[in-house]
Amino acid sequence: MATATLSASGAASCIFIILAATTMSMATSYSYARETSSRSCIAAERAALLSFKTSMTSDLAKRLDSWRGHHCCQWSGVTCNNRTGQVVKLSLRNAFIKEDKKFVWCMPHGESGGLEGKISSSLLALQHLKHLDLSGNNLGGLGVTIPKFLGSIKSLTYLNLACMNFDGGVPPQLGNLSRLLHLNLEASVFSDTLLHSDDISWLSRLGLLRSLDMSGVNLSTIPDWVRVVTIVPSLEVLQLSQCGLSLQHEPIVHSNLSSLQVLDLYSNRIDTLNPTYWFWDVLIIKELDLSSNKIVGQLPDAIGNMTSLQTLRLGGNYLSGVKSELFKNLCNLSWLELWSNEINQDMSDFMEGFPACTKSKLWSLDLSATNLTGRIPSSIKQWKHLSDLQLSDNRLVGSIPLGLGKMTNLRSLILNNNQLNGSVSEEHFASLVYLMELSLSHNPVHITISSNWIPAFNLEVAHFASTKMGPHFPLWLKGQKDIWDLDISDTGIVDLVPVWFWTVFSNVSYVNISCNQISGRLPATLEFMTSAQMLDLNSNDFTGLLPLLPESLLFLDISRNSLSGPLPQDFGATMLRERVLFANHINGTIPIYVCQLQYMEVLDLSENLLVGQLPQCSKGRDDKEELNTTVDPGNRLLSALILHNNNLSGKFPEFCNTVHF
Ligand SMILES: *[C@@H]1O[C@H](CO)[C@@H](O)[C@H](O)[C@H]1NC(C)=O
Ligand SMILES: *[C@@H]1O[C@H](CO)[C@@H](O)[C@H](O)[C@H]1NC(C)=O
Ligand SMILES: *[C@@H]1O[C@H](CO)[C@@H](O)[C@H](O)[C@H]1NC(C)=O
Ligand SMILES: *[C@@H]1O[C@H](CO)[C@@H](O)[C@H](O)[C@H]1NC(C)=O
Ligand SMILES: *[C@@H]1O[C@H](CO)[C@@H](O)[C@H](O)[C@H]1NC(C)=O
């Protein structure tokens, strides 16, 4: 179920799903810079491009629409040499790929609207092509390998084939591209296809290569991968996340990677960090990502000599007893992730171990799920530059220091799942004008913000679950129109829902106000909440009819309220996966409309006053005409249909797989 939980540890994929959902709807246009040239292009090259276009089977975004007429240098995505008219650059990148390297994922195939078809070998005619970017287009598919002939476009210095859904082995012919500076073969780990390589020795022939990204390519059968990549002397950026790599236990002391600045080994199978590993020698590394591996034991002292480090990601491992003294020479550090390891220390002591330069420079600190104990020190206010502070899932106690309110750069403050108590007032947030994400959930804190307070911030994510906020509805939320994820469940609110609630939060994706005593009638329709995916209103005192639901809704829970009246004949929300309405006073019959909810997995209407027969949803394609719809009425996903304690009668329908009474 797609909930809004942004719990720190292991939630990367969860975050991705949310981002992806918003990216898909927002990234609608991508304008290509149109290079103009006084010359019309070379006839043979134009023919090659037209042949490329002809071998496309789909171009939903109409990227190649301008590919007509003689002036191929003016076609979108095509760049020619001004003087000679030769095509030097072909840039057809599909912009749906996410750029943010924190979440290295290609969009799953099929949802991107990119080009589809086959790459024509006519491209070989572009003898002066330096830059080829086809990333994000679905030009692969099951059984379709990266074309070998690309290894013969000798002029290439830049080749980007990321996220194209290729399958099978990476062709060693790419090793013939001896002028390459940048090579990107990143593959989606969500795809049906699997790009792999059993031999990457061809990389050693790319003597000029500066950046290599083979993230998501299965390299697990190459035990000596380190030996190969460390031969490429000019590498500055090496990205091998999610490749199934492990590190050999015998150390490789020397490496030729004297220029390496970025090393990304996120989500591999590395289990130890030997103090003599090659990358400790590369003292100019600025970005090191070893997160989500299986590293056990202590963090080697050698890390303290990597003084160029700006970003260090070690989260999601089994490191024990991480000491902040190790970082005392890392004065350039601006991003530190240690989440889901063991620090096992008092937070004040841990924070004191950092040098003054780090305290004033660090921008992002993630210490969630590290078994930190003690209080949040009031000296936290010295960390002036901090923008993201994540301390969730620890054993922190005591009150939240007022000093936090002086950290004016804070954008994200995540403190959920600790034992913080005391009260949280306006003063805690007075200067936090940039705060966007605030999570205090599951702490016994008392939120004593007064109703008429107008915050300086505009929250997007607000989590207060299982804190003490009530008994009055927190009226200060009224101005927080940018919230897309709101959780004020189980906060002791005993009040009428304010009339503005539904309109102020009309843009939310996730709302959880369950387990309070919030009363009032629900609006007749919630269709205007066009982004809503989850509405959890369970265990309150809502009355009135079931509203018409937003089309976007996936999860609805209004159980244990006092809704009455019949179900609407057509309540919207055709994508609904889970709908829970038990323990209300709903009467009337179950509308045939439920048959059309083809994604429904759980439907719970128990403990209501429903009467009559269950709708006899038609089983198969034969009856399709009858329903006058393209929706296949045979619901194959339904796994729980819960109906007890009603007054239903008649024959049991045949449309579900498993039924739980
Ligand atoms: C390109 O590379 C392949 C395999 O590495 C090799 O067999 C072939 O001779 C090379 N072709 C050219 C034209 O250099
Ligand atoms: C990677 O390849 C190895 C060896 O072929 C295989 O056992 C493994 O399941 C593959 N990994 C993934 C994620 O497909
Ligand atoms: C490193 O580079 C030097 C000179 O470029 C070369 O002689 C040596 O063999 C290289 N070492 C490795 C391990 O590739
Ligand atoms: C760190 O660098 C210093 C000075 O170069 C060196 O003496 C020391 O052995 C290094 N420490 C580690 C753990 O590599
Ligand atoms: C958490 O840290 C304490 C010391 O502060 C230690 O006694 C305890 O065993 C740790 N718990 C876990 C689960 O590592």
Side-chain angles (χ1 to χ4, degrees), residues 9 121 123-125 127 145-156 159 168-180 183 185 197-207 209 228 231-232 251-255 258 272-285 288 296-309 312 316-331 338-353 355 367-377 391-398 417-419:
S9 43
S121 59
L123 291 184
L124 283 170
Q127 289 179 8
T145 54
I146 294 176
K148 294 185 176 64
F149 68 80
L150 291 176
S152 304
I153 311 180
K154 293 278 174 54
S155 48
L156 285 177
L159 178 60
V170 175
Q173 281 77 5
L174 295 181
N176 293 344
L177 298 173
S178 57
R179 293 183 201 168
L180 268 193
L183 177 60
L185 303 176
S197 181
D198 301 330
D199 177 8
I200 49 170
S201 58
W202 51 271
L203 279 173
S204 62
R205 289 188 279 140
L206 304 181
L209 201 63
V228 178
I231 287 170
V232 185
I252 291 173
V253 180
H254 182 70
S255 118
S258 54
T272 44
L273 285 183
N274 194 312
T276 49
Y277 278 147
W278 50 285
F279 48 80
W280 307 126
D281 288 345
V282 190
L283 298 183
I284 64 161
I285 290 187
L288 178 61
V296 293
Q298 309 260 316
L299 194 56
D301 293 348
I303 201 136
N305 275 359
M306 301 175 81
T307 52
S308 303
L309 276 180
L312 179 58
N317 284 296
Y318 305 100
L319 292 168
S320 52
V322 181
K323 295 272 178 295
S324 49
E325 286 73 15
L326 274 180
F327 307 120
K328 68 176 187 293
N329 293 324
L330 305 189
C331 263
L338 294 170
W339 52 270
S340 201
N341 284 293
E342 283 177 25
I343 293 175
N344 299 352
Q345 210 183 339
D346 181 87
M347 180 168 173
S348 306
D349 296 344
F350 184 73
M351 299 301 274
E352 275 316 300
L367 302 176
S368 24
T370 52
N371 190 20
L372 278 180
T373 55
R375 296 169 158 262
I376 301 176
L391 298 171
S392 64
D393 302 280
N394 282 301
R395 301 195 294 143
L396 297 170
V397 295
N417 294 48
N418 282 289
Q419 287 134 42

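If you read the sequence from its start, that first residue is 1, and numbering goes on from there. Counting starts at 1 for both ligands and their atoms, in listed order.
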Worksheet item: Does some non-hydrogen atom of the protein lie less than 4.0 angstrom from atom 9 (O) of ligand 1?
Response: no
Discussion item. Any heavy-atom pair between the side chains of Ser152 and Leu124 that's under 4.5 Å?
Written reply: yes
Worksheet item: Quick one: which of Lys154, Gln173, Arg205 has a heavy atom closest to atom 5 (O) of ligand 1?
Response: Arg205
Fill in: Atoms in ligand 5 with a heavy atom of Glu342 nearer than 4.0 Å
14 (O)
Practice prompt. Check if Ser152 has a non-hydrogen atom at a distance under 4.0 Å from any atom of ligand 1.
Written response: no
Fill in: atom 11 (N) of ligand 4: the protein heavy-atom neighbour that sits closest, reported with distance to 0.1 Å
Asn305 ND2, 2.9 Å
Fill in: Residue pair Gln173 / Leu150, side-chain heavy-atom distance below 4.5 Å
no
Worksheet item: What part of Lys148, side chain from CB on, backbone N/CA/C/O, both or neither, has a heavy atom under 4.0 Å from ligand 1?
Response: neither
Discussion item. Give me the nearest non-hydrogen protein atom to atom 7 (O) of ligand 5 as residue plus atom name, then the distance to 0.1 Å.
Written reply: Arg395 NH2, 5.0 Å
Worksheet item: Does Thr370 use its side chain to pair, donor to acceptor, with the backbone of Asn341 at less than 3.5 Å?
Response: no
Worksheet item: Nearest non-hydrogen atom to atom 12 (C) of ligand 1 belongs to which of Leu177, Asn176, Asp199?
Response: Asn176
Worksheet item: What do the steps show when you test Asn371 against Asn344 for side-chain hydrogen bond (donor to acceptor under 3.5 Å, both in side chains), and what is the final call?
Response: CA-CA 5 Å; Asn371 190 20; Asn344 299 352; 2.7 Å; yes
Worksheet item: Mind checking whether Leu185 and Leu174 have side chains closer than 4.5 Å, heavy atoms only?
Response: yes
Worksheet entry | Flag, side chain of Ser368 to backbone of Trp339, donor-acceptor distance under 3.5 Å | no
Worksheet item: Relative to the heavy atoms of Ala302, which atoms of ligand 4 are at a distance of less than 4.0 Å?
Response: 13 (C)
Worksheet item: Tell me: protein heavy atom nearest atom 4 (C) of ligand 5, and distance?
Response: Asn344 O, 3.8 Å
Worksheet item: Does Asn317 reach the main-chain N or O of Leu319 with its side chain, forming a donor-acceptor pair under 3.5 Å?
Response: no
Discussion item. Can you check which of Thr370, Asn371, Leu372 brings a heavy atom nearest to atom 1 (C) of ligand 5?
Written reply: Asn371
Item to complete: Without swapping roles, check the side chain of Asn394 against the backbone of Leu391 for a donor-acceptor pair under 3.5 Å.
Response: yes
Discussion item. Protein heavy atoms near atom 14 (O) of ligand 4, is at least one of them under 4.0 angstrom away?
Written reply: yes
